[in-house]
K.L.:
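Encoded as structure tokens, here's the structure I'll be asking about.
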Amino acid sequence: MTLTVRQLAEQVRGEVLGNGDLPIAAARPLSEAGPGDITFVEADKHMPAWHASPASAAVVSPNVPVNGRPLIRVADPLAAFAAIVMHFRGPPPTPAAARIDPTATVHPTAKIGPEATVGPFVVVGEGAVIGARCSLNAGVYIGRNCKIGDDATLHPHVVLYDDCVLGNRVTIHANAVIGADGFGFRTQQGKHVKVPQIGTVEIGDDVEIGACTTIDRGTFGPTRIGEGTKIDNLVMIAHNCQIGRHNLLVSQVGIAGSSTTGDYVVMAGQVGVGDHVKVGSKTIVGAKAGVVKDIPAGSRVLGAPAKPDKDEMRILKTLEKLPQMRKDLRDIKRRLGLGEGE
């Protein structure tokens, strides 16, 4: 498929600068684009790469200057470029009637929605309800009485323990486990005795959960993940947690039991959150931070224990100076006749 720059601009409602009749054969990222390709430039720091690129055209933000090649100016270059990529790939295949692989095991009481796909060796338990156009890929396990909304995609070997509830358009990547028992024990007569974990997990609409992530069921009530939240690979969310809407939880985040987050919280890689902690809405927690107490809404924190990011940055800058400070202290002690010290 070959399209002109102008035709692509019409697809994304962008403004054409330069030769709108130039033919474009493909859409590729800046590092891979060549002659005949269109690429995108999202930020000023990518300008040198754009000037050096052999790409024929680019999707850019409104402030990018013309440099002789055709441009499509839009408010959001990344979103527009993604739409162009999808346009080159063509429309998705028309959904077929519900397909159940002959190797799958579906309990007679389970309900499979129209146009759903149940792949090889999938197990769907007693009383489970699978919504319309869902895709259950190879080896997925759906426990008893689970409920999955429409247009959900579960990649290979996802496990839903009994009674879990998923909203519409939920995506769960390979080997994630939803609804395993929370880590709850009491010490009685010298032994660790398990506290029954009889709650559930409830996941809102438009949530995406990464590979090998685990979300434990509540002890008595539900562990909840709010709508629109995106969870990376290898994240651990413990029992009774209440995760707000539109959170971003990056790889290797661990959140201990009964903690809560507000809406639009961001946690960078390897953040650890203690139990029964409340993190306010629109808080940003920097990488490897250790959150051991409540954080007010709108905060930006770093460090372990987590503290305001400006304070932590001052501490880190001071630590960088410690070798020179130690040398200076030894020189002062020597001049004062106090010995060289340590």
K.L.:
Just one of K282, R245, H246 clears the side-chain hydrogen bond (donor to acceptor under 3.5 Å, both in side chains) bar with D263, so which one?
P.N.:
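Of the listed options, the one satisfying the test is R245.
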K.L.:
Enter the distance from S135:OG to E115:CD here, rounded to the nearest 0.5 Å.
P.N.:
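Result: 12.5 Å between the selected atoms.
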K.L.:
Could you check E126 against R144 for salt bridge (Lys or Arg N to Asp or Glu O under 4.0 Å), going step by step and ending with a plain yes or no?
P.N.:
CA-CA 5 Å; E126 178 183 356; R144 292 178 303 164; 5.1 Å; no
K.L.:
Should the pair D21-R6 be classified as a salt bridge under the 4.0 Å nitrogen-to-oxygen rule?
P.N.:
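Looking at D21 and R6, the cut-off is met.
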K.L.:
Establish whether V74 and L78 are linked, either directly or via other cluster members, by ILVMFWY side-chain heavy-atom contacts under 4.5 Å.
P.N.:
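Yes.
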K.L.:
For I231, run the side chain to side chain contact (heavy atoms under 4.5 Å, CB included) check against I215, I172, I203 and tell me which one passes.
P.N.:
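The residue from I215, I172, I203 that satisfies side chain to side chain contact (heavy atoms under 4.5 Å, CB included) with I231 turns out to be I215.
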K.L.:
Is the shortest distance from a Lys or Arg side-chain nitrogen in K278 or D294 to a carboxylate oxygen in the other one below 4.0 Å?
P.N.:
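Answer for the salt bridge query: no.
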K.L.:
Is the shortest side-chain heavy-atom distance between L166 and L154 below 4.5 Å?
P.N.:
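The answer is yes; the side chains approach within 4.5 Å.
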K.L.:
Step by step, would you call D101 with V118 a side-chain contact (heavy atoms from CB on, under 4.5 Å)?
P.N.:
CA-CA 6 Å; D101 190 273; V118 180; over 6 Å; no
K.L.:
For residues V159 and V140: do they belong to one hydrophobic cluster (side chain heavy atoms under 4.5 Å, members Ile, Leu, Val, Met, Phe, Trp, Tyr)?
P.N.:
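Looking at the clustering, V140 is in a separate group from V159.
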K.L.:
Starting from L3, can I reach L22 by hopping between I/L/V/M/F/W/Y residues whose side chains sit under 4.5 Å apart?
P.N.:
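Yes; L3 is reachable from L22 via cluster members.
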K.L.:
List in chain and number order the residues that pass side chain to side chain donor-acceptor pair (under 3.5 Å) with R13, two or more places apart in sequence or in another chain; answer none if no residue qualifies.
P.N.:
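Applying side chain to side chain donor-acceptor pair (under 3.5 Å) to R13 gives none.
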K.L.:
Within the 3.5 Å criterion, strictly below it, is a donor on N240 or T219 matched to an acceptor on the partner's side chain?
P.N.:
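Indeed, the side chains of N240 and T219 share at least one donor-acceptor pair under 3.5 Å.
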